[in-house]
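Here's the structure, in structure tokens; my notes come after.
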Amino acid sequence: MNTFIGRLIVNFVLCLICFIAYSSQIFIIWPWYGGVLSVELLTLLLPFNVLVLILLWNYWLCVVTDPGRVPDSWRPDTHTDGYEVKKLTGGPRYCRMCQKYKPPRTHHCRECNRCVLRMDHHCPWINNCIGHFNHGHFIRFLFYVDLSCSYHIAMVTRRVFSSMNGQYWDEPSSLELVMIILNYVACVPVLLVVGGFSLYHFYGLMANTTTIEGWEKDKAATMVRRGQIREIKFPYNLGARRNIESILGSRPLFWCWPSRTPGNGLKYELSNRDGKWQELSSLRVRERETEDIGQLA
């Protein structure tokens, strides 16, 4: 994506967040309480501002955090128990554009013009790829957008219902009425769109599946139904708890707090048939199966 356009989109998102967050407080909630600072007003606005602050923090981390690059010196260890192979040659996956080998779950992004570790997708709204090192920030950003928008709508709706009951004021001024309408118009679509998007990514988090891998799994499932290949088991699913920990960290109390994604993005924990866990630097994909389902990059 063009650098100027990407930055323009990021600034648009920041302006939209700030408009929804602060116009509602300045032009709707503050006049509702008569412009007087009170314990009740602080009790209402303090949690909302904390949510907005953490939302903006995670959004900024999504934008500025490098999703992960393949080190120049990295080479696949072909002497271990397995490694990802190229579908045509059966050799280690290699990116001709980057002139580098691809670690497991790595894909080349045409927008960023480089390979990204554990690439999920390229997001134009952050002008960056979602990869190994900023995936956790992205999940938390979606989570806080859902919470903040829900709190915002509940807060503004409470204001509307109070006006109908004649509390604090009789009729809204023209400016207040316009701002109430604009806040609903701005916030409700964001909650619906991002909420649906969040459900998809929260499901992917629980299953330890990226967006690209989800596409691959859907394609493989279609080919299994058609009898073209036999069933393929996804090797990264460690169970819901461990899947979440692989992105958000091992301490549940800090899952909602911005933190670095565990690991280096070059190797991932795998499940085996015995139900035990093993850590390998790469995964062997059987050549005949790889030829059937292919690779996205």
Side-chain angles (χ1 to χ4, degrees), residues 1 6 58-78 80-87 91-142 201 204-217 234-238 242-250 258-271 277-285 290 294-297:
M1 179 180 293
N58 278 284
Y59 180 73
W60 181 247
L61 289 174
C62 287
V63 174
V64 302
T65 302
D66 192 310
R69 299 172 180 266
V70 181
D72 293 334
S73 59
W74 187 85
R75 298 290 185 276
D77 186 358
T78 58
T80 60
D81 191 28
Y83 55 92
E84 286 187 350
V85 298
K86 195 73 174 177
K87 65 177 182 178
R93 294 172 63 226
Y94 186 81
C95 180
R96 291 173 295 180
M97 288 173 280
C98 294
Q99 298 294 306
K100 294 180 181 179
Y101 287 102
K102 290 183 179 180
R105 313 181 81 177
T106 297
H107 296 277
H108 186 88
C109 176
R110 294 181 180 177
E111 296 290 343
C112 298
N113 194 31
R114 64 183 176 89
C115 286
V116 176
L117 299 179
R118 196 183 182 277
M119 180 177 173
D120 187 275
H121 69 287
H122 184 90
C123 181
W125 301 106
I126 67 170
N127 192 33
N128 198 4
C129 267
I130 304 301
H132 179 81
F133 291 108
N134 65 350
H135 197 173
H137 303 320
F138 182 70
I139 291 293
R140 280 183 284 265
F141 168 67
L142 295 178
H201 280 276
L205 173 67
M206 297 284 288
N208 200 1
T209 305
T210 66
T211 298
I212 292 177
E213 290 166 350
W215 295 339
E216 292 177 333
K217 289 170 69 175
F234 185 66
Y236 300 111
N237 192 344
L238 310 175
R242 297 191 64 139
N243 291 340
I244 296 174
E245 289 178 348
S246 68
I247 300 297
L248 303 182
S250 58
S259 58
R260 179 185 173 91
T261 303
N264 58 13
L266 301 175
K267 58 183 179 180
Y268 295 94
E269 207 170 8
L270 307 177
S271 61
W277 311 115
Q278 57 182 337
E279 190 174 274
L280 302 175
S281 62
S282 54
L283 163 71
R284 174 178 295 145
V285 180
T290 311
Q295 298 287 346
L296 287 183

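Each residue takes its place number in the sequence, starting with 1.
Side-chain atoms of Asp120 never come within 3.5 Å of backbone atoms of Ile130 as a donor-acceptor pair (strictly under, hydrogens ignored). Judged purely by atom type and a 3.5 angstrom limit, His132 uses its side chain to pair as donor or acceptor with the backbone of Pro262. A donor-acceptor pair is defined here as one N or O able to donate and one able to accept, closer than 3.5 Å; no such pair exists between the side chain of Ser73 and the backbone of Pro71. At least one donor-acceptor pair under 3.5 Å links the side chain of Thr65 to the backbone N or O of Leu61. Using a distance-only test at 3.5 Å, with no hydrogens or angles considered, a donor-acceptor pair links the side chain of Lys100 to the main chain of Val70. Looking only at distances, a side-chain donor or acceptor of Asn243 sits under 3.5 Å from a matching main-chain atom of Leu238. Judged by distance alone, the side chain of Asn127 and the main-chain N or O of Val63 form no donor-acceptor pair under 3.5 Å. With Asn128 contributing its side chain and Cys123 its backbone, the two residues share no donor-acceptor pair below 3.5 Å. The closest donor-acceptor contact from the side chain of Arg140 to the backbone of Ser259 lies under 3.5 Å.
Expressed to the nearest 0.5 Å, how far CG of Asn264 lies from CZ of Arg118 amounts to 13.0 Å. Distance CD1/Ile139 to CD1/Ile244: 10.0 Å, rounded to 0.5 Å. Taken to the nearest 0.5 Å, the OG1 atom of Thr209 stands 10.5 Å off from the CD atom of Glu216. Annotation: the span from Ser246 atom OG to Tyr268 atom OH amounts to 9.0 Å, rounded to 0.5 Å.
Between Met119 and Thr210, the closest side-chain pair of non-hydrogen atoms is not below 4.5 Å. Inter-residue side-chain proximity for Trp74 and Leu266 is flagged as met; some heavy-atom pair is nearer than 4.5 Å.
Looking at Arg114 and His108, their side chains never bring a donor and an acceptor atom within 3.5 Å of each other.
Summarising the geometry of Cys129 relative to Asn134, their closest heavy-atom pair is O-ND2, 2.8 Å, with the distance given to 0.1 Å. Shown here for Gly265 and Pro103, the closest heavy-atom pair between the two residues is O-CB, 4.4 Å. The minimum heavy-atom distance linking Phe133 with Gly263 is given by the pair CE2-O, 3.8 Å.
The residue from Glu111, His107, Arg110 that alone fulfils the side chain to side chain contact (heavy atoms under 4.5 Å, CB included) condition with His122 is Glu111.
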Audit row: Val116, Thr106, side chain to side chain contact (heavy atoms under 4.5 Å, CB included) steps and yes/no
CA-CA 6 Å; Val116 176; Thr106 297; 5.8 Å; no
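For the pair Arg105 and Tyr236, the cation sits on the ring face: its NZ or CZ lies under 6.0 Å from the ring centre, inside 45° of the axis.
The six-membered or imidazole ring of His201 lies away from that of Phe141, with a centre-to-centre distance of 6.0 Å or more. Taking the six-membered ring for Trp and the full ring otherwise, His137 and Tyr59 have centroids separated by 6.0 Å or more.
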